Amino acid sequence: MATPNRPIELRSDTKTKPSEGMRQAMASAEVGDDHVGECPTTRQLCERMADLMGKEQAMFLPSGTMCNELSIRMHCGPGDEIILHESAHPLHFETGAPAGLSGAMVRTVTGPRGQFDAAAVEAALRYPDQYSPRSRLIEVEQTANLGGGSVWPLAKLQEVAAVGRRHGLALHMDGARLLNAVVASGVPAADFARDYDSVWIDLTKGLGAPVGAVLAGTAAFIKDAKRWRQMFGGAMRQAGIVAAAGLYALDHNVERLAEDHANARLLAELIVGLPGVQVVPDEIDTNLVFFDLADDLPDADETSARLREHAVLIGAMGPRRLRAVTHLDVTESEIRRAADRLAQVLSD
Ligand SMILES: *Cc1c(COP(=O)(O)O)cnc(C)c1O
């Protein structure tokens with residue numbers, strides 16, 4: 001619901017609030033005990049999500065972080081090594097959980113825009129001897145969050161997976177924003193996820209639901225994952241109340257992600273000409289706009305604070321780096337206004 005003078009919220013697509021229609025779907029959801037698979041709404045969501053991701057089964061979890069960490073726990077044991085990009089979410093935003101919950105090591109690889117290639121994986125693989133950790137899992141992020149919301153090309157995902165398979169590694173896809181990649185590229189989610197053993201989608205980012213994420217894999221993987229879910233404390237009872245928001249989001253909030261992408265591109269185009277602002281509009285694949293401020297401008301924290309005084313919320317992501325995120329609660333005219341206010345703040 002639009003309130004006059006509401007701040008323009010560009011800190012994250014997690015800030016989206018359930019719409020009126022979504023709330024009605026939640027209020028009228030049929031529910032049962034999801035611990036034992038008796039919640040019809042949750043089952044329906046999981047069936048649709050499994051289909052969408054091209055997997056046999058899926059499971060509803062409270063958060064994307066739990067999808068990552070539960071998968072890592074299932075794929076890895078103590079001393080096993082995960083190959084992932086140096087900007088990957090489990091490395092920076094999950095409080096050390098790969099070590100804390102799974103005893104796993106992380107081996108970072110690099111590459112432009114949050115992505116890496118088959119050669120980088122080859123170079124990171126451990127030689128299997130009695131001294132080395134065991135290379136066990138490859139993790140990719142589609143889209144790559146700190147990579148600027150970049151979309152991995154399908155061929156690159158397939159090449160990386162092929163190396164992993166050849167060496168007996170498991171493959172995990174963090175698909176927090178997988179549907180942004182789908183809408184931006186036209187490639188079906190199932191194609192992106194085909195070679196990956198576990199894959200998940202967040203309902204609380206651009207999809208606009210209040211709670212939850214859905215993890216998919218083979219029937220055997222999901223059966224086992226239900227034991228781990230219980231151990232992690234992530235099994236829910238009448239989960240259909242929140243799963244209904246996910247179903248509503250699949251019906252109403254997927255295709256419209258294209259608007260968010262257009263707004264992100266527009267924002268980059270509006271600010272690229274501002275003195276001292278560095279951004280590459282052509283690299284805005286989806287809904288994340290990272291931009292950098294030159295040394296003669298105020299730093300990111302100060303710029304963020306000044307923007308806040310002008311009712312524009314944009315988060316600092318580094319000393320001179322900011323991130324603006326577009327989503328269903330921000331309109332094109334708000335994007336134009338946000339760009340104007342940034343210009344004003346930087347010229348003051
Ligand atoms: C947000 C996010 C997560 C974590 O999801 P939550 O639902 O917030 O726990 C994981 N990976 C990526 C790439 C994300 O953007």
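Residue numbers count from 1 along this sequence. Whatever order the structure lists them in is the order used to number ligands and atoms, beginning at 1. This one's a predicted model, so the numbers in the text were calculated from it and none came from an experiment.
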For ligand 1, is there an N or O atom under 3.5 Å from any N or O atom of K205? yes
Between D117 and K156, is there a salt bridge with N-O shorter than 4.0 Å? no
Tell me the nearest of D174, N145, D13, T143 to atom 11 (N) of ligand 1, using heavy-atom distances. D174
Between F116 and H85, what is the ring plane arrangement, given parallel below 30°, perpendicular above 60°, and tilted in between? parallel
Quick one: do R227 and D224 satisfy salt bridge (charged side-chain N to carboxylate O under 4.0 Å, His left out)? Show the steps, please. CA-CA 5 Å; R227 289 187 59 255; D224 201 24; 3.7 Å; yes
Would you please determine whether M66 falls within less than 4.0 Å of ligand 1 on a heavy-atom basis? no
Salt bridge (charged side-chain N to carboxylate O under 4.0 Å, His left out) between D285 and R113, intermediate numbers included: CA-CA 11 Å; D285 288 350; R113 306 177 68 210; 3.3 Å; yes
Ligand 1 versus D202: contacting region, heavy-atom distance under 4.0 Å: side chain
Sub-3.5 Å N/O-N/O distance, A176 and ligand 1: no
Assess whether a salt bridge exists between R165 and D197, defined as any Lys/Arg side-chain N lying under 4.0 Å from an Asp/Glu carboxylate O. yes
Short list, please: which atoms of ligand 1 are under 4.0 Å from a heavy atom of T65? 4 (C), 5 (O), 6 (P), 9 (O)
